[in-house]
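These values consider heavy atoms only, across backbone and side chains, with no hydrogens, waters or symmetry-generated copies. Chain identifiers are assigned alphabetically (A, B, ...) following the order of the sequence lines, protein sequences preceding nucleic acid strands; residue numbering begins at 1 within each chain.
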Amino acid sequence: MWQPNNVERERLEKADRLRALGVELYPARVERTHTTQEAIRAYEAAGDAETVSVTVAGRIRRVNLKGKVAFMHIEDESGRLQLFLRINELGEDQFQLVREKLLDVDDFIQASGTMMRTQAGEVSVQPTHIRLLAKSLSPLPVIKQQVKDDGTVVEYGEFTDKETRYRQRYADLAVNRDVREVFVKRTRIIQAMRSFLDREGMLEVETPILQPLYGGAAARPFTTHHNELKQDLYLRISFELYLKRLIVGGFDAVYEIGRDFRNEGVSFKHNPEFTMMEFYKAYIDYNGVADIVERMTKTICQQANGSTTIVYRGHTIDLGSPWARITMRAAIQQATGIDYMDYQTADTLRQAIHERFSHTFKPDETWGKMVEHLFSEHVEPKLIQPTFVMDYPRDISPFAKRVQGDDFHVERFELYIGGMELGNAFTELNDPLDQAARFEEMAQLYRKEDDDATPTDEDYLRAMRYGMPPMGGFGMGVDRLVILLANVESIRDVLLFPHMRPEA
RNA sequence: GGCCUCGUAGCUCAAUCGGCAGAGCAGUUGACUCUUAAUCAAUUGGUUGUGGGUUCGAGUCCCACCGGGGUCACCA
């Protein structure tokens, strides 16, 4: 329930006074002819000789009342524009709205008049008519701007409280222009990604978000229920198994950009719902996938940032040069001195890690998870420049094809940039009997952790039995790519409405 | 979920050893017909996240809870 504070009570009173004057507070019609920046360009293009008449609209961001004259800045998405309001041009009645401060900073108004330049040199509108478009009842945080001679803008006053900014993103966006720019960049990144994949000849598809069985990743799902069908359903944790079914169906290459849901912890790089891109392409292996991913990421970066060199958390990262490829085994050996192939059972590896780092695992930890631990602890944070880490332990990769003549590894890579995992790829397992055995193996390994196992998907196995061509596949955390290219701290800074606990 | 840390006016922040809750911005009133962080004068605004406790006295110390941030666990 809204409890108006002092400022809000003032504004409610002003709203009453405006209504008493016959002013409509929330009219439906607007007569805008120019955005603020179009108006400025039209004036500058015309030269001082011509009269340029405009009607502009926007939010009042500054009022400077000087007796019988007033200056206002209004702002629309394109930028700010000054209104030079004079009692002579506006007339007593309209100027009264300004002089009695019935129009507040934060209100939306429209102004009609001719373009001119003030004595101080600022291109402005000199209105003969103004009209309220929407009354603001609650004040936005106050930010004042000083435009320096060199054009840089210094801001005084801040709106920095993270909790309020995330909960009230509308206020954050209205006040903090750089926040708007992050989300424009996010959209550009996704557009660039989509058009790249289209040009590669891949078909964009949509697969179920509500799934009778979840799979394709190791994560706990959100569960829901269809009342009429009396059916439990899961929100998808990945698109993988549906997209590969489509390759069975005869598409050579498909991709999807959409939302995944994982019922896990929240952190600077984890949100319960997040945006994923996955593609699958027949007749290539994971080396072919890596080539596509490298070209794609370079193209996206060039289009979104105008360069393939980025700065992230103080690191200068060069995405333009050819990317490093290293096996997981070599990477771990370099970083820790441990060649895990010297310890081919869970017990021996556990002991080796304990001796070297005195780290203790759960008693039933698998060999692959321990290898993964070594990697994420000792290698991952150091992978600042773009790096493909190739060939992962088999027991943590149930959908990847074995490395020929190697019982321990599968053809899988992950992409690391800025010490952060951005993507995951396989030469996809297409042998239905091997796949069935892997499901069984996963069920054995993870039996104890009730809901963490990858459930056997019989329909997926049926699809594979019809014949699945050799293919490579890839998945990328889109939010993380945006974090990287926008150089922001947290996934919450690239989600318009990040997940928060309930207020109050 | 464990641990650490923060929560004071609409926003950004003060408040000494536990001793009268304050400032700037904005808001209100007044002055000003080319200002631009406008200026000048006066002025309103607080259940200090919530609930307990210790104390003559709590924004400050203790406990619990709520919310944020960080970190570990879980997890890409």
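- Nearest approach of A:V488 to A:Y312, heavy atoms of both residues: O-CE1, 3.9 Å.
- Taking the P atoms as reference points, B:G24 lies 37 Å from B:C63, given to the whole Å.
- Along RNA chain B, the nucleotide closest to A:G157 and the one closest to A:K68 are compared, and the more 5′ of them pairs with A:G157.
- Among the protein residues, A:T164 comes within range of no part of the nucleic acid, since none of its heavy atoms lies under 4.0 Å from any strand.
- Residue A:K162 has no polar side-chain atom (N or O) positioned under 4.0 Å from OP1 or OP2 of B:G67.
- Across A:H73, A:Q82, A:R117, a single residue satisfies side chain to side chain donor-acceptor pair (under 3.5 Å) together with A:S124, and that is A:Q82.
- The residue A:Y416 sits close to a base: some heavy atom pair falls under 4.0 Å.
- Counting distance only, with no hydrogens placed and no angle test, the side-chain atoms of A:N88 and the base atoms of B:U33 include a donor-acceptor pair under 3.5 Å.
- The partner of B:A23 is B:U12, by the rule that a Watson-Crick or G-U pair needs both atom distances under 3.5 Å.
- Between A:K148 and B:A37, a side-chain N or O to OP1/OP2 separation shorter than 4.0 Å is absent.
- Across B:U12, B:U36, B:U33, the shortest atom-to-atom separation from the side chain of A:T118 is found for B:U36.
- Residue A:R62 places at least one side-chain N or O closer than 4.0 Å to OP1 or OP2 of B:A38.
- No donor-acceptor contact under 3.5 angstrom links the side chains of A:Q385 and A:W323, judged on distance only.
- For A:R167, a side-chain nitrogen or oxygen approaches OP1 or OP2 of B:G68 to under 4.0 Å.
- Nucleic acid contact class of A:Q145 (heavy atoms, under 4.0 Å, all strands): sugar-phosphate only.
- Within the 4.0 Å cut-off from OP1 or OP2 of B:U36, not a single side-chain nitrogen or oxygen of A:K66 is found.
- Across all strands shown, A:E372 has heavy atoms under 4.0 Å from base atoms, whether or not it also approaches the sugar-phosphate.
- Residue contacts shown for A:E421 include a base, since a base heavy atom lies under 4.0 Å away.
- Distance, A:R86 CZ to B:C34 C1': 9 Å, rounded to whole Å.
- One N or O donor and one acceptor, one from the side chain of A:E122 and one from the base of B:U36, sit under 3.5 Å apart.
- When Watson-Crick and G-U wobble pairs are counted only if both distances are under 3.5 Å, B:U44 pairs with no nucleotide at all.
- For A:H73, counting side-chain heavy atoms from C-beta on, the closest listed nucleotide (B:U36, B:U28, B:A37) is B:U36.
- Here A:I143 lies out of heavy-atom contact (under 4.0 Å) with every strand.
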Side-chain donor/acceptor pairs under 3.5 Å, residues 152-159 of chain A, sequence neighbours excluded:
residue: A:T152; atom: OG1; partner: A:D150; partner atom: OD1; Å: 2.7
residue: A:E155; atom: OE2; partner: A:Q145; partner atom: NE2; Å: 3.2
residue: A:Y156; atom: OH; partner: A:Q146; partner atom: OE1; Å: 2.6

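- Considering only the side chain of A:E264, B:C75 comes nearest among B:U33, B:G67, B:C75.
- Residue A:G79 comes nearest to A:T36 through the heavy atom pair O-OG1, 3.0 Å, listed as atom of the first residue, atom of the second, then distance.
- Rounded to whole Å, the distance from CG on A:D161 to C1' on B:G7 is 9 Å.
- Counting only heavy atoms from C-beta on, A:Y166 has its side chain closest to B:G69 among B:U33, B:C11, B:G69.
- Scored by the salt bridge (Lys or Arg N to Asp or Glu O under 4.0 Å) test, A:E10 finds no partners at all (sequence neighbours excluded).
- Under the Watson-Crick or G-U wobble criterion, with both distances below 3.5 Å, B:C61 is paired with B:G53.
- Across the interface with RNA chain B, nearest-nucleotide mapping of A:K101 and A:V266 shows A:K101 to be the residue nearer the 5′ end.
- Across every strand in view, B:G7 sits in a pair with B:C66 that passes the Watson-Crick or G-U test at under 3.5 angstrom.
- Going from the P atom of B:U16 to that of B:G52 covers 26 Å, rounded to whole Å.
- The distance between atom CD of A:E8 and atom C1' of B:U44, rounded to the nearest whole Å, is 15 Å.
- A syn orientation is assigned to B:C17, its glycosidic angle lying within 90° of 0.
- Residue A:E163 is in sugar-phosphate contact alone, with no base atom involved, counting any heavy-atom pair closer than 4.0 Å across all strands shown.
- Heavy atoms of A:L65 sit under 4.0 angstrom from at least one base atom.
- Counting any heavy atom pair closer than 4.0 Å across all strands shown, A:M500 reaches sugar-phosphate atoms only and no base atom.
- With a cut-off of 3.5 Å on both pairing distances, the Watson-Crick or G-U wobble partner of B:G1 is B:C72.
- The residues A:R412 and A:E414 are annotated as salt-bridged, a charged nitrogen and a carboxylate oxygen being separated by less than 4.0 angstrom.
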Inset, instruction - Apply ring pair (Phe, Tyr, Trp, His ring centres under 6.0 Å) to A:H359 and A:F361, showing your working. - result: CA-CA 7 Å; A:H359 182 88; A:F361 291 99; 4.7 Å; yes
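- Of the side-chain N and O atoms in A:R11, none sit less than 4.0 angstrom from OP1 or OP2 of B:G27.
- In this structure, A:R492 reaches the B:G70 phosphate: one of its side-chain N or O atoms is under 4.0 Å from OP1 or OP2.
- Between A:K14 atom NZ and B:G27 atom P there is a gap of 7 Å when expressed in whole angstrom units.
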